[in-house]
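Report on the following structure.
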Protein chains: 2
Amino acid sequence: MSKKLDKRAEVIDLLTVHFLDTGLSDTGLRRLAEVAGTSDRMLLYYFESKDELLAAVLTHIAGGLSASLTQLFGTTLLSPDTVLEKLWVAAKSDGFKPYLRLWLDLAAHANRGGPLFLSIAQQISTGWIDWMASLLDVPEANKEATAALILAAVDGQLVLFPGETKRGEHAILQLIALLRMQSKVQA
Amino acid sequence: MSKKLDKRAEVIDLLTVHFLDTGLSDTGLRRLAEVAGTSDRMLLYYFESKDELLAAVLTHIAGGLSASLTQLFGTTLLSPDTVLEKLWVAAKSDGFKPYLRLWLDLAAHANRGGPLFLSIAQQISTGWIDWMASLLDVPEANKEATAALILAAVDGQLVLFPGETKRGEHAILQLIALLRMQSKVQA
DNA sequence: TCCAGACTGTAGCAACCATTACATTTCTCA
DNA sequence: TGAGAAATGTAATGGTTGCTACAGTCTGGA
């Protein structure tokens, strides 16, 4: 029984890389087996079904993301404009771009497909919002709204400018300016 | 030759409705044929290939959207906060929600799939940004950035809160407040 | 050593996919 | 009315999909 679980974990790790690279298309069992160095037969031995496999890998990815985010940002409170600034730098980096693209994939699936993707996407989203809200140095009543605004602005770039990172720059800079202005007024 | 073109246009109309309803999944030729009241054989008679069919329907949808947007907003200049306010009301309405969800689908496909979806998505995006930029009563240098910011904020809600419309409300209201504050400062 | 259970390979299922070859019907125009 | 073209149906192609039945190998404990 233990070897099964070990292999399962190993497969999850390998597929994590693959999913971040290529997203939620290209998810045929035979293809995934090839990537993971096994057979489709074995994948369905380690996992109950393809859906369970997907859910396992995606939640594993979500965990890894929040870990590296807290590592990157620390736990001290920051003003909204600095948070957005740091987040935008990260979003453009090769390390984080795959996560954002995968998240976009997931959101698209969540809007249509079965409850599987929806619940995973919601879980990731609220985790992300909560994390950022706890980081923002703003009045309690505004935390969640500001966090959602910042995240939405960054995600929106993905929708608005597919395949590019350059064109969204000005919009983000504008929002940074707005947030900074607000901080000054309130101070 | 004329009947072929007539049928082609009719099929595009019928599939427009279907795509807005169900997005970019469920696009098997046999299923689309059923929706359009024909056979798969005939679809490939009216269109060169499935890709050409998709491209035709999607660009038709894009045209319809920009038409109803200009009808809704008119051509007089508006302040950024009122534009966002009106856009958000529209985004929540049953009439426009399907467009936004389809756009999200398209953006997700554009990030991975072939050049087909990418070019269509880019075309729609720039069309939308240009339209909004021409509507904004702000200095010329800021038009595009503000337009992109507003659109990104609205689109971002889709990514951030899949399946919901309620939770994004506060973030949008916050951005409206920020934009209004900026207008006053500049005046 | 032997046996039960964990593990794994082979081969196949039925359903779907986009596309095409071929035959047939229907229409148009001379 | 008859010929040629346009329009449509039938049926098949070779491919993929998630999943499974069956048989075999391997391994740890008695």
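Just so we're on the same page: letters track the sequence lines, and every chain starts at 1. Only heavy atoms go into these numbers, but all of them, side chains included; no hydrogens, no water, no symmetry mates.
Residue A/Tyr46 is classed as a sugar-phosphate contact, given heavy-atom separations below 4.0 Å to backbone atoms only. Within the 4.0 angstrom heavy-atom criterion, no nucleotide atom of any strand lies near B/Thr38.
Atom CG of B/Asp26 is separated from atom C1' of C/dC17 by 13 Å (rounded to the nearest Å). Put simply, CZ on A/Arg41 is 17 Å from P on C/dC13, counting in whole angstrom units. Atom CG of B/Asp40 and atom P of D/dT10 are 11 Å apart (whole Å). One atom, CD of B/Glu52, and another, P of C/dT19, lie 11 Å apart when rounded to the nearest Å. C/dG12 atom P lies 19 Å from atom CG of A/Leu44, rounded to whole Å. Counting to the nearest Å, the P atom of D/dA21 and the CE atom of A/Met42 are 15 Å from each other. We find that CZ of A/Arg30 is positioned 17 Å from P of C/dC17, with the value rounded to whole Å. Atom OH in A/Tyr45 sits roughly 7 Å away from atom P in C/dA6 (whole-Å rounding).
Hydrophobic clustering (ILVMFWY, side-chain heavy atoms < 4.5 Å, transitive): A/Met181 and A/Leu179 are in distinct clusters.
For the residue pair B/Gln157/B/Trp88, the side-chain donor-acceptor check at 3.5 Å is not satisfied. Side-chain N/O atoms of A/Lys50 and A/Thr27 include a donor and acceptor closer than 3.5 Å. Side-chain polar atoms of B/Ser49 and B/Asp51 form no donor-acceptor pair below 3.5 angstrom.
Annotation: the span from A/Asp21 atom CG to A/Leu15 atom CG amounts to 11.5 Å, rounded to 0.5 Å.
Figure legend: A/Lys4 and A/Tyr45 shown as a cation-pi pair, the cationic atom lying under 6.0 angstrom from the six-membered ring centre and within 45 degrees of its axis.
Nearest-nucleotide positions on DNA chain D place A/Arg31 closer to the 5' end than the other of A/Glu48 and A/Arg31.
Listed nucleotides C/dT19, D/dA7, D/dC19 differ in distance to B/Lys4; the shortest reach to its side chain belongs to D/dA7.
For the pair A/Lys3 and C/dC7, the criterion of a side-chain N or O lying under 4.0 Å from OP1 or OP2 is not met.
Note on ring orientation: taking the six-membered ring where Trp is involved, the planes of B/Trp131 and B/Phe73 are perpendicular (angle over 60°, cut-offs 30° and 60°).
Within residues 9-22 of chain B, no residue has any heavy atom closer than 4.0 Å to DNA chain D.
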